[in-house]
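Data block below; observations after.
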Amino acid sequence: MEYEYLFFLYLYLFKNTGLTDVSMSNKFQVYKQLDLAQINRDVLKRWEEDDTFHKSISTREGHPTFVFYEGPPSANGMPGIHHVMARAIKDTFCRYKTMKGFRVHRKAGWDTHGLPVELAVEKMLGITKDDIGKTISVAEYNAVCRTEVLKYTREWEALTRQMGYWVNMDDPYITYESRYMETVWWLLKQLYEKNLLYKGYSIQPFSPAAGTGLSSHELNQPGCYRDVKDTTAVAQFKVIRNEKSEFLYKNVDTDLYFLAWTTTPWTLPSNTALCVGPKITYVKVRSFNPYTGEPVTLILAKKLLAAHFDPKNESLALEDYSLGDKKIPYLVLAEYAGTELEGVDYEQLINWVKPKGDAFRVITGDFVTTEDGTGIVHIAPTFGADDDRVAKQNGIAPLIIDDLEGKRQPMVDRNGRFFLVENMDPAFVAEYVNLETYPEFAGRFVKNAYDETLAEDDATVDIDICVMLKRENKAFKVEKHIHSYPHCWRTDKPILYYPLDSWFIRTTAVKDKMIALNNTINWKPQSTGTGRFGNWLENLVDWNLSRSRFWGTPLPVWRTEDGLETKCIGSTEELMNEIDQAVAAGIMEKNIYQGFEVGNNSKENYEKIDLHRPFVDDIFLVSSTGKKMFRETDLIDVWFDAGAMPYAQMHFPFEAPSNSPQGGEHAPKYQTARISSYPLLKELAQKQKDNQTEAETYLWNNLRGKKLSNFKFRRQHIIDQFIADFVCLEKQLIIEVDGGYHSLPEVQISDTQRTEILISLGYKVIRFTNEQVLNEIDVVLGEIHRILDSLPLRGRAGDGASGIPFPADFIAEGVDQTRGWFFTLHAIATMIDESVAFKNIISNGLVLDKNGNKMSKRLGNAVDPFAAIDENGSDPLRWYMLTNSQPWDNLKFDMLGVDEVKRKFFGTLYNTYNFFAMYANIDGFMYAEDEIPVAERPEIDRWIISLLNSLVKEVGESYETYEPTRAGRAISDFVSENLSNWFVRLSRKRYWGGSYDADKLSAYQTLYTCLVTIAKLAAPIAPFFADLLYTDLNKITGKEADQSIHLADFPVCNESLINRDLEEKMALAQKASSMILGLRRKEKLKVRQPLARIMVPVLNKDFRQQFDSVKNIILSEVNVKEVEYLTDAAGIISKKIKANFKTLGPKYGKLMKQISGEIAGFSQQDISRLEKTGNYELNINGESILLSPEDVEIQTEDIPGWLVASEGNLTIALDIHLTGDLKLEGIAREFINKIQNIRKESDFEVTDRIVLRIQKHDFYNAAVEKYKDYISNQTLASELIMMDKVEDENSYLAEIDTDVTARIQVVRN
RNA sequence: AGUCUCGUAGCUCAGUUGGUUAGAGCACUACACUGAUAAUGUAGGGGUCCCCAGUUCAACUCUGGGCGGGACUACCA
């Protein structure tokens, strides 16, 4: 036993007796068991005491910012486990960016408006929408909404805290607050002024009986959809023969018609187009009209031919048909693709009212199916949402009537009747209405249910229209049909799809811009961006903003009753002024917001006003012509609230105005021109711009238009009192291009002064000569690029809204937000700023239960996030969720998976730490010694450090590209495979015993570095455990200044420490060891029994060298004494050869089968010829094929007479012959094993010294004698005494070999 | 119905520009190791790579068509 080691051992024992008081603080904390839930609580407490979150922001003051937007959750529902998922993703990247030195902006918020809130309130109060304004006032109702919506705020905050989601909750934005709504109004006004906000109509469910529109939610209430029997018609639309349709008339000897089916014949008079499917095949059929018997030729979908013509009748002769025959013959004449039919004109079916504009044309639509009907859809744009959309896209006019007030109306009025002629504009009637045919139907209800004088079985308008069509040879088939049709939940009467007034945002006007901007966004997964979101943009329609509800942001639009004058209000200031004017004009009695101070942005001030209904409804304004103006009663889509959050969370522009001198908290701080000298300088700058040198022009052309990594450069830009040649303001970098005269001394002095001043203003100045720019532009640009990268971002990139964090660098929400929040953010940012709202986005999948079902309270399969965190801590939950599957795939959440993560990753890491701590405490390692240069550390240390650096690189890249799953899995693999299973296992001996020498120190330093680095890499995903690990380590060593890992810097990969060769070698060692252990197992040879040698065939020089350098590791791992290399010359290696498909395939393609057959048939001579000469010629089908060594794979087959294992191209033979000496050593090791077990059973301390007494036995006497020192050393025995008889008392029987037991006594010294 | 997405071992997931015998972890079974010890290691069994067709010398991989799960968007003639 070395003295040095003894010394430390004594020190350790001494400390343990408590005789010294320096003890505890110098020891690494050792844990009895891993309790991640307790760690969660402890670390959380420390974070709160130390205010770590705020420190993680304040310590990054002045650093470049990383902007994250929190998609506001609604606090009127409890948080679920899926919120843990979403928030784990968000938190991971915000923490990562913090560790990368960014100042991360992440403001929490609450989404508070919308239907779910209204429904919850109604349920709670036991009322319906009908009661609002009757049994409860709107004001009371809204007051309840206000409290209801934040009902679960406390739970949400608790979840945020417990799961370690760091988001700034100091001042969350709340969408119902007046300040937030003011920004929303401001945005709407911007859109209004850009002519992007307009009033139009949309097709919505409408109840003529109740006289009101219905939301789709109201339609989905139980009992609303009912099966009803309606008259349906297949109508014949007559083709107009002209050059567009001429091709259809081939072989046609009758009139030609399109067939279209409808379940609502009353919409036929409003038909203005027919729609065919572009991918559907149509047929042209010669037949007869069943009602009139007239010969007709009809066009319908091929697939539906059998639905309208009995195939049995095809054989019938056309000539034999006479009117009244049940069997109607038919003949298919031709087939057409849907696209061919596009553009063909047809006659109006029912000529009551003429449309204004283009109509009666065949158009195409993807929504057309061949499920039922004829595969041709009758389009009445005023009565169907699809119809309206497809008509607009194709420029087809709807059938619209001008009423007496000059308003545009559909053919059916709001009572559900065909419009009365006397209610129409006479001028319109004169020009467009057919007074011969229409009056018979005018005033008829389109559904009998609307007319109290009619009964169920009275003739309906549908029937009368069909009768008319039959008579006119325009109806092909009329029949009753049962289908499900929606009814109004209040009146029980059928609803109509009906055009209703709505406010729209003209998103179609910016469609191209939105598509272009979307292409710059990094979507995770990409397919959501190009697919779901991209397609949505391609088929964009105008955004219908209107909602007829109560609890939401009111549309800030006032109109005069005649609709001729409109005002859109964009701020409280504007509103106050307008109200004051209205009061002055006598329209309002007083200003209801009196007391509100314009310009005072305090919360208190804004709480004085309420911009919700009903208060805003009571505001009437005065128009420029003195007329009274009423607010449009609509609320806006709550998605607009959410999409407005980049602006509204900052109360933009009211609190961070874009051009204000103070510029808001986040405004760029760069110094610009001095006011006094600006006019002069400006003139000068312009002159310089006009007279640029050749070099300047050349460089400018390489910098302009954000060519260089998207950095914006300006030329001849005035800064303070100077004109900088080129400047990048975001990075405060000035580039000067100098002509020859700069070498003059006086010019140099002034240059120096100028540079000094600019530097003092915070700029970096670099200079190039004209020659450099002209001759070495790549070098120059490379240098600029390098310097740009090294500089922090000062201002904000981009030209969007200034003064606020915009756009976001990163957002993440569920994929269900694609057409919700993601869209509204994108749309608003595009329209307001022509910018993206977010640069990187993760759209995460759903969290399902372990069987793949959606979680719901009803099924009882929902996981309570609080219980889950309480039991496991949030780290394993977070780790599991991010690493089990990629965030954008759905996660099948299974608690067993969480357990696995706990055991496999956290358990292993914890064990590794505990291992380290235990020995470090014994040896008093505190990382106080100088760092041993990596180059001087043993191979295994350099290996794990190499892998560690590779890991740092991979993990860094993964986080950087928003791939948390890859990052987490890489960390976990490293910990369990390489660190624990290989490095620690092989290095155990180095920690145990021996002196505190360089090797031991290296072992400690290396393991310490691995642990602390792993902690940092894992910190973004597992913030609690990582911080504990870090602080436990750092407390003792004081290596790092930061008190929390979340304030520390993310590790940087040191490429020079990565040694691929070494990594390969070690992989070889791992493989070889496992193969040899496999062989031992097969032969039942314990690893304790040393063996003499292994033999390895050498196929090439590199291999021998590689194997040799890890030989010792392998040998000690598998307890073998020597390795012997076998070369060809020995003649005992037999080789086998295979074709390398990867190299040969592309060259010889078709011949591969034969080639591989030939190669497989190579003899040993053939193989060695190829190896020696480096080529081999094959002849296949007369073609000469030249093989090189790369075209084949050569492996050794086996070594006759030896115990052999083969894997890939590595073959190892094991010599299992036991010499006497080996046997003795095996016995000695057996003793060590048994004695160690006895120590353990006796609960001895690791460091207790013992006295050993062993009863003699002929089988092992020699072995014990020979290895006495070795045994003593390993078991910490001060004495080893062989005795004839050891007393039974205090002794143990240990089996040393089959039938050989030893009596051993182990006594503490 | 449309769009997107997923489908590989009992479970959760990898699988590079197509290339030879499709992998890992968990679970299961067996074994080994023994001062990291309520830890660790090694091995084994287990596959119609959802199905069909095509392209190719060669398909888990590419193309087309189905089937099944999920999400979103529509609710229709």
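Below, chains carry the letters A, B, ... as their sequence lines are ordered, and counting in each starts from 1.
- Nearest-nucleotide mapping onto RNA chain B: of A:Asn890 and A:Asp387, the residue sitting toward the 5' end is A:Asn890.
- We find that CE of A:Met881 is positioned 13 Å from P of B:rC13, with the value rounded to whole Å.
- Residues meeting the ring-ring contact (aromatic ring centres under 6.0 Å, His included) test with A:Phe258, sequence neighbours left out: none.
- Across the strands present, B:rG47 finds no partner; the criterion is a Watson-Crick or G-U wobble pair with both atom distances under 3.5 angstrom.
- Between the side chains of A:Thr263 and A:Asp230, no donor-acceptor pair of N or O atoms lies under 3.5 Å.
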One pair to check against side chain to side chain contact (heavy atoms under 4.5 Å, CB included): A:Thr272 and A:Thr382. What are the steps and the verdict? CA-CA 10 Å; A:Thr272 54; A:Thr382 43; over 6 Å; no
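- When distances run from any side-chain atom of A:Asn981 to the nucleotides B:rG41, B:rA36, B:rG35, the shortest one goes to B:rG41.
- For the P atoms, the distance from B:rA22 to B:rG64 is 27 Å, rounded to whole Å.
- Distance from the side chain of A:Arg985 is smallest to B:rG41 among B:rG41, B:rG35, B:rU12.
- B:rG15 and B:rG7 have their C1' atoms separated by 15 Å, given to the nearest Å.
- Toward the 5′ end of RNA chain B lies the nearest nucleotide of A:Lys904, the other residue of the pair A:Lys904 and A:Ala233 mapping further downstream.
- Looking at residues two or more places apart in sequence or on another chain, you find a ring-ring contact (aromatic ring centres under 6.0 Å, His included) between A:Phe237 and A:Tyr346.
- Applying the salt bridge (charged side-chain N to carboxylate O under 4.0 Å, His left out) rule to A:Asp35 yields no partners; only residues at least two apart in sequence or on another chain are considered.
- Under the rule for a side-chain contact (heavy atoms from CB on, under 4.5 Å), the partners of A:Ala1003 that lie at least two apart in sequence or sit in another chain are A:Arg990, A:Tyr991.
- The salt bridge (charged side-chain N to carboxylate O under 4.0 Å, His left out) check on A:Arg903 picks up nothing, with sequence neighbours excluded.
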Listing time: all N or O pairs from protein to nucleotides 54-58 of chain B that are below 3.5 Å?
unit_1	atom_1	unit_2	atom_2	d
B:rC57	N1	A:Gly1149	O	2.9

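- The base-pairing partner of B:rC76, taking Watson-Crick or G-U wobble contacts with both distances under 3.5 Å, does not exist among the strands shown.
- Contacts of A:Tyr913 classified as ring-ring contact (aromatic ring centres under 6.0 Å, His included), with partners at least two apart in sequence or in another chain: none.
- In this structure, of B:rC76, B:rC26, B:rA36, it is B:rA36 that holds the atom nearest to the side chain of A:Val984.
- A:Asn914 places its CG atom 12 Å from the C1' atom of B:rU37, with the value rounded to the nearest Å.
- Rounded to whole Å, the distance from CZ on A:Arg903 to C1' on B:rC26 is 8 Å.
- A:Tyr497 places its OH atom 12 Å from the P atom of B:rA74, with the value rounded to the nearest Å.
- Using modelled atom types and a 3.5 Å distance limit, the side chains of A:Tyr880 and A:Asp894 yield no donor-acceptor pair.
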Polar atoms only, N or O, under 3.5 Å: list the protein pairs with nucleotides 5-11 of chain B and their distances.
none

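- Between A:Leu909 atom CG and B:rA39 atom C1' the separation is 14 Å, expressed in whole Å.
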A:Thr912 and A:Leu1011: side chain to side chain contact (heavy atoms under 4.5 Å, CB included), yes or no, with the steps? CA-CA 8 Å; A:Thr912 308; A:Leu1011 285 169; 4.2 Å; yes
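- For the P atoms, the distance from B:rC13 to B:rC31 is 33 Å, rounded to whole Å.
- Under the Watson-Crick or G-U wobble criterion, with both distances below 3.5 Å, B:rU61 has no partner in any strand shown.
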Protein and nucleotides 63-65 of chain B: nitrogen or oxygen contacts under 3.5 angstrom:
none

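- Under the Watson-Crick or G-U wobble criterion, with both distances below 3.5 Å, B:rU40 is paired with B:rA32.
- Not a single donor-acceptor pair under 3.5 Å links the side chain of A:Asp388 to the backbone N or O of A:Gly384.
- Nucleotides B:rA14 and B:rG2 have their C1' atoms positioned 32 Å apart, rounded to a whole Å.
- Of the listed nucleotides (B:rU12, B:rA36, B:rG35), B:rA36 has the atom at the smallest distance from the side chain of A:Phe915.
- Look at CZ on A:Arg389: it is 13 Å from P on B:rU3, rounded to the nearest Å.
- Relative to the side chain of A:Thr912, the nucleotides B:rC26, B:rC13, B:rA36 differ in distance, and B:rA36 lies closest.
- With rounding to whole Å, A:Arg969 atom CZ is found 10 Å from B:rA24 atom C1'.
- For the P atom pair drawn from B:rC49 and B:rC11, the interatomic distance equals 15 Å after rounding to whole Å.
- Every pair passing salt bridge (Lys or Arg N to Asp or Glu O under 4.0 Å) that includes a residue from residues 974-986 of chain A is listed here, sequence neighbours excluded: A:Arg985-A:Glu1117.
- Atoms CD (A:Gln526) and P (B:rC4) sit 14 Å apart, rounded to a whole Å.
- Remark: A:Asp542 engages no residue in a salt bridge (charged side-chain N to carboxylate O under 4.0 Å, His left out) (not counting sequence neighbours).
- Within 3.5 Å, no donor on the side chain of A:Thr908 pairs with an acceptor on the base of B:rA39, nor the reverse.
- Annotation: salt bridge (charged side-chain N to carboxylate O under 4.0 Å, His left out) contacts of A:Arg1308 (sequence neighbours excluded): A:Asp1248.
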